[in-house]
Amino acid sequence: MIRARLKKRIDHCFAQGTELGYWTEAAAGLYAVEEPKHAGQGDYATNFAMVVAGKEKKKPREVAAQLVELLAAHTDLLARVEVAGPGFVNCFLQEGVWQSVLPEICTAGDAFGKSDIGREKKVLVEFVSANPTGPLSVGHGRQAVLGDAIARLLEATGHLVTREYYYNDAGRQMRVLGESTRARYLEQLGLPFTFPEDGYQGQYIRDIAQELISEQGDRLKEVAEVAPFKEKAEQVIFADINNTLARLGIRFDNYYNEHSLYENGLVDDVIATLRAKGLVYDKDGAVWFKTTEFGMEQDRVIVKSTGEPTYRLPDIAYHREKFRRGYDWMVNIFGSDHIATVPDVLAGVKALGYDPAKVTVVIHQFVTLLRDGQQVKMSTRKANFVTVDELLDEVGPDVARFFFLMRKADSQLEFDLALATQQSQENPVFYVQYGNARLASIAKQAAAKGITRGELAEALLARLTTEEELHLLKAMAVFPALVESAAVALEPHRIVFFLQELAAHFHSYYNKHRVISEDVDLSRARLWLCEALRIVIRNGLTLIGVSAPETM
RNA sequence: GCCCUCGUAGCUCAGGGGAUAGAGCACAGGAUUCCUAAUCCUGGAGUCGCAGGUUCGAUUCCUGCCGGGGGCACCA
């Protein structure tokens with residue numbers, strides 16, 4: 001917020017300079033105002049002179065001098081301006097500027113960090129989308145938390161968000177699930193059975209079979225259809241998945257069933273539409289989509305010679321429905337194993353006359369799980385995977401969420417169970433939460449001693465002048481811009497890193513300075529500082545769906 | 001073979017066209033008569049995978065190579 005203020009002034013100087021003939025408008029919008037890495041280089045620095053000099057073929061130092069001259073009129077904001085290094089202009093703010101962030105934060109409260117840059121754009125965030133064939137694995141967990149945090153960021157920045165779970169309960173996978181369940185059912189009744197070659201081997205299938213036996217007895221032993229087994233399994237597993245998601249604090253607005261696309265003729269309609277456009281042809285008994293028309297190496301089958309569609313076709317139909325439902329932006333969270341489906345679907349969208357640029361796919365890499373220092377290889381079929389439920393039993397939702405968001409989506413995430421469980425008191429999430437608890441405790445202590453913050457307008461915020469206090473004020477001032485950039489980039493890990501840094505600044509401050517002292521004015525100013533910190537930490541934690549306990 | 005992605009401190013990872021590349025863990029030492037020690041302070045640690053190119057300036061962008069992961073089906 002302070003940076004934006006300074007940027008405006010520099011933009012103004014740029015315009016003045018063009019009028020004065022110092023430079024042309026060639027460098028408009030190309031220079032930046034940023035925070036220097038090192039102390040002594042000012043509160044902010046701009047590469048203005050280097051960028052302008054590059055365009056004008058001038059010497060950066062000369063341009064810098066001209067900018068300094070123009071900035072001299074802004075003594076209300078700037079105390080001092082220096083030219084440094086190859087031509088950086090370092091800006092030192094007037095005292096009191098940083099303190100002005102406190103009233104903004106404290107007045108905004110829960111709203112601090114929120115914005116309306118989304119302009120009520122309708123966004124569909126699709127994530128998890130696991131078919132109900134088994135419990136959610138740790139990999140799904142990462143996706144669930146990532147998707148939900150992205151949705152929270154978008155909501156905080158003024159987007160109208162729908163969280164959607166796309167699933168299919170009609171495909172081959174589900175048939176195998178039903179057959180697996182029937183096999184276990186017969187097995188547990190002591191009857192002859194054949195377990196499907198690629199069946200689901202998890203214990204949960206046995207549990208479902210047992211449930212069927214206690215509900216139905218052996219009444220299903222002669223049933224030829226797989227339907228009753230499949231339906232039972234689906235119902236139990238979906239309930240389980242939803243329960244897991246609820247434990248993570250994740251709730252979907254909509255579950256979209258792939259099967260409904262067939263029932264409503266939407267899949268056939270895609271073929272018909274593409275065929276009418278000449279983008280589909282028959283070969284070897286299959287139906288092909290001319291993806292080569294969209295820059296791909298080969299055409300793709302969308303209906304197999306058996307008459308069954310491939311996954312691409314309903315995926316394309318589904319995405320068309322997203323457009324038809326009126327979304328302005330579609331965000332898909334996929335695991336890296338689904339990366340290959342993306343170009344096909346985007347080509348389909350384009351072929352149907354919609355703008356693929358409105359679809360953003362966030363690909364996240366796998367979770368590598370370490371148990372006892374050894375990597376656990378996971379496979380859904382063989383059921384030797386760690387479920388999100390098991391993880392939650394061990395570490396709880398706050399730790400799980402925080403850990404899943406500690407890495408950017410592009411990076412593989414190493415989840416060390418030994419670290420997350422046995423040494424949980426050393427987890428970074430507690431470090432941040434402890435900061436919040438300390439802040440709450442300080443407020444309580446102050447109240448117990450009869451010291452209140454008093455009116456914000458009357459607080460002597462100018463008393464906040466220590467290096468640590470200025471660090472904290474600067475850090476908090478960045479928060480709204482951080483939330484915006486994290487939302488636009490769909491990168492919630494930035495919030496996690498910010499929180500860790502802010503908490504570190506606060507813990508350090510706490511150990512060096514006393515908030516509550518004999519100096520009542522100073523105490524009050526510092527209590528307001530703490531109040532602002534509490535707001536920022538809590539708002540940040542809320543963005544990633546982690547709780548902010550007041551005692552620990 | 002082709003496509004995507006990653007390669008930064010002993011380990012796990014941030015960062016990213018600019019001025020001296022950061023954090024946590026681990027390791028060593030220290031801090032509490034006082035607001036929660038789940039905290040803090042001090043210390044060492046790096047050819048930013050390799051080689052070219054673009055640029056006033058590259059760890060960051062481009063190309064190639066090497067290495068890890070994922071994907072290239074009439075599986076999803």
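By convention in this document, chain letters (A, B, ...) are assigned in the order of the sequence lines, proteins followed by strands, and residues within each chain are numbered from 1.
Residue E414(A) places its side chain closer to U12(B) than to any other of C41(B), C35(B), U12(B). In this structure, of G18(B), A76(B), A38(B), it is A38(B) that holds the atom nearest to the side chain of F430(A). Counting only heavy atoms from C-beta on, A340(A) has its side chain closest to C72(B) among C75(B), C72(B), C4(B).
For the P atom pair drawn from A9(B) and G70(B), the interatomic distance equals 23 Å after rounding to whole Å. Going from the P atom of C25(B) to that of U59(B) covers 30 Å, rounded to whole Å. C56(B) and A19(B) are spaced 14 Å apart, taking the C1' atom of each and rounding to whole Å. Using atom P as the reference point in both G49(B) and A26(B), the two lie 26 Å apart (nearest Å).
Across the strands present, G10(B) finds its partner in C25(B); the criterion is a Watson-Crick or G-U wobble pair with both atom distances under 3.5 angstrom. The partner of A73(B), taking Watson-Crick or G-U wobble pairs whose two distances both stay under 3.5 Å, does not exist in any strand shown.
Salt-bridge check for R514(A) with D519(A): failed, with every basic side-chain N at 4.0 Å or more from each acidic carboxylate O. In summary, E469(A) and R526(A) engage in a salt bridge, as defined by a charged side-chain N under 4.0 Å from a carboxylate O. The residues D299(A) and K283(A) are annotated as not salt-bridged, no charged nitrogen and carboxylate oxygen being separated by less than 4.0 angstrom. Electrostatic pairing of R172(A) and D198(A) counts as a salt bridge here, judged by a charged N lying under 4.0 Å from a carboxylate O.
Residue N90(A) is classed as a base contact, given a heavy-atom separation below 4.0 Å to a base. Counting non-hydrogen atoms under 4.0 angstrom, H493(A) reaches the backbone sugars and phosphates but no base. Residue contacts for Q41(A): at a heavy-atom cut-off of 4.0 Å it reaches a base atom on one of the strands shown. Using a 4.0 Å heavy-atom cutoff across all strands shown, S305(A) reaches at least one base atom of the nucleic acid. Residue K408(A) is classed as a sugar-phosphate contact, given heavy-atom separations below 4.0 Å to backbone atoms only. Within 4.0 Å of A286(A), counting heavy atoms only, lies at least one base atom of the nucleic acid. Residue K37(A) is in sugar-phosphate contact alone, with no base atom involved, counting any heavy-atom pair closer than 4.0 Å across all strands shown. S508(A) comes within contact range of the sugar-phosphate backbone alone, with a heavy-atom separation under 4.0 Å but no base atom that close. Residue contacts shown for H505(A) are absent, as no nucleic acid heavy atom lies under 4.0 Å away. A443(A) comes within 4.0 angstrom of no nucleic acid atom, judged by non-hydrogen atoms across all strands. At a threshold of 4.0 angstrom between heavy atoms, the contacts of N168(A) with the nucleic acid are absent. Looking at heavy-atom distances under 4.0 Å, T551(A) makes contact with a base.
Neither OP1 nor OP2 of C40(B) sits under 4.0 Å from any side-chain N or O of K512(A). In terms of phosphate contacts, S411(A) brings a side-chain nitrogen or oxygen within less than 4.0 Å of OP1 or OP2 of A14(B). Contact annotation: K57(A) side-chain N/O to C56(B) OP1/OP2 distance is not under 4.0 Å.
No aromatic stack links F497(A) and the base of A23(B), using centre distance under 5.5 Å and interplanar angle under 30°.
Stacking of R312(A) on the aromatic ring of F289(A) is not recorded, the 6.0 Å distance cut-off and the 45° axial limit not both being met.
If you find the closest nucleotide of RNA chain B to P309(A) and to R300(A), the one lying nearer the 5' end belongs to R300(A). Take the nearest nucleotide of RNA chain B for V51(A) and for T306(A): the residue whose nucleotide is more 5' is V51(A).
Ring centers of Y165(A) and Y256(A): at least 6.0 Å apart, outside the cut-off.
The base of C13(B) has none of its N or O atoms less than 3.5 Å from a complementary donor or acceptor on the side chain of R407(A).
Ring-plane geometry between F334(A) and H338(A) is classed as tilted, the angle between the planes lying from 30 to 60 degrees on a 0 to 90 degree scale.
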